[in-house]
Amino acid sequence: MAVHVKNMKELAKALQPTLLKMTDQLADRVYETINYFLLDYYAGYDPSSYQRTLDFLHSAVKVDAEPHKGGVRASVYIDTDSMNSYEKVSGLQVAKWSNEGKHGGIEVDHKPHVWDDTMRETVDNGGLLRLALDYLKSKGFSVRT
């Protein structure tokens, strides 16, 4: 079905449902990937000097896509405020250590870098861009790369 657009405001309105769904799919991919690396982080090391709370394992959050300043946005992040059962260390510090390949501040052999690895596997490698292009093509948009 053809959509007739007379100005930029109408174009933005016509595109918004497609962009909302596409952005949700992109955020889902990032959320799945960060959870993969969180699981890898936990599976690769069994601490002997501290007891795990599993707060970090369950700290990833995805906020659904929403209209924002003429476009669309979604968020995926580590909710460091939810990690409140750690003793003598903040959730933010735990998240930083996980991105440095440390467990409980300790250097270990198994060193996933949870956030950086997620960005490498979604953004840096072009995966999200390919997913966006495929989505737009599936909705009938002519996309050239």
Side-chain angles (χ1 to χ4, degrees), residues 1 3 5 8-9 11-145:
M1 176 174 115
V3 176
V5 174
M8 291 303 288
K9 187 174 182 177
L11 178 61
K13 183 178 179 182
L15 289 175
Q16 193 167 69
T18 300
L19 294 177
L20 282 167
K21 290 178 184 174
M22 181 187 73
T23 303
D24 258 335
Q25 284 190 6
L26 299 176
D28 285 342
R29 177 64 57 90
V30 174
Y31 182 73
E32 291 167 4
T33 305
I34 201 165
N35 276 296
Y36 169 83
F37 285 112
L38 284 168
L39 285 169
D40 182 39
Y41 179 81
Y42 272 80
Y45 178 70
D46 186 20
S48 59
S49 61
Y50 65 92
Q51 185 173 351
R52 285 189 163 155
T53 66
L54 302 181
D55 283 358
F56 185 47
L57 179 62
H58 303 291
S59 66
V61 174
K62 177 199 171 249
V63 178
D64 290 338
E66 62 184 5
H68 180 72
K69 296 183 180 180
V72 175
R73 74 171 175 188
S75 299
V76 177
Y77 62 94
I78 298 294
D79 182 5
T80 57
D81 292 336
S82 72
M83 300 188 298
N84 55 16
S85 63
Y86 295 107
E87 291 184 30
K88 300 180 184 176
V89 66
S90 69
L92 180 60
Q93 183 61 62
V94 171
K96 285 180 179 181
W97 282 333
S98 78
N99 206 44
E100 297 168 355
K102 297 176 182 176
H103 290 260
I106 302 167
E107 291 282 344
V108 297
D109 292 332
H110 183 74
K111 297 184 180 198
H113 295 206
V114 174
W115 188 257
D116 287 347
D117 290 348
T118 298
M119 293 297 97
R120 187 189 74 246
E121 293 297 321
T122 56
V123 177
D124 298 346
N125 71 358
L128 284 184
L129 178 59
R130 285 190 300 279
L131 187 62
L133 296 175
D134 290 345
Y135 184 85
L136 291 172
K137 287 176 186 176
S138 78
K139 297 303 175 192
F141 288 88
S142 177
V143 178
R144 288 183 273 194
T145 56

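Here the structure is a predicted model, which is why all the values come from computation and not from measurement.
Scanning for side chain to side chain donor-acceptor pair (under 3.5 Å) contacts around Gln16 gives an empty result, with sequence neighbours left out. Taking the side chain to side chain donor-acceptor pair (under 3.5 Å) definition, one finds that Asp40 meets it with His110, sequence neighbours left out.
Atom CD1 of Ile78 sits about 12.0 Å away from atom CG of Asp55, to the nearest 0.5 Å. Rounding to the nearest 0.5 Å gives a distance of 10.0 Å between CG of Asp109 and NE2 of His103. Atom CG of Leu54 is separated from atom OG of Ser59 by 11.0 Å, given to the nearest 0.5 angstrom. From Lys139, atom NZ reaches atom CG of Leu15 across 13.5 Å, with rounding to the nearest 0.5 Å. If you take CG on Asp28 and OG1 on Thr33, they are separated by 10.5 Å, rounding to the nearest 0.5 Å. Between atom CE of residue Met83 and atom CD of residue Gln93 there is a gap of 10.0 Å, rounded to the nearest 0.5 Å.
More than 12 heavy atoms of other shown residues, nucleotides or ligands fall within 6.0 angstrom of atom NZ in Lys137.
Considering only heavy atoms from C-beta on, Glu87 stays 4.5 Å or farther from Val89 through its side chain. By the 4.5 Å heavy-atom criterion applied to side chains, Leu38 and Val114 are counted as neighbours. In this structure the side chain of Lys62 reaches within 4.5 angstrom of the side chain of Asp24, judged on heavy atoms. Taking the side chain as every heavy atom from C-beta outward, Val30 and Met119 approach each other to under 4.5 Å.
For residues 111-136, the side chain to side chain donor-acceptor pair (under 3.5 Å) pairs, not counting sequence neighbours, are Asn99-Asp116, Glu107-Lys111, Asp117-Arg120.
None of Trp97, Tyr36, Phe56 except one satisfies the ring-ring contact (aromatic ring centres under 6.0 Å, His included) rule with Tyr41; the exception is Phe56. Partner of Pro67 under the side chain to side chain contact (heavy atoms under 4.5 Å, CB included) criterion, chosen from Leu19, Leu20, Val72: Leu20.
When every heavy atom of Gly101 is checked against every heavy atom of Val108, the shortest pair comes out as O-CG2, 3.8 Å. The heavy-atom pair separating Val76 from Ala27 by the smallest distance is CG2-O, 3.5 Å.
Under the 3.5 Å distance criterion, the side-chain polar atoms of Tyr42 are matched with a main-chain donor or acceptor of Leu57.
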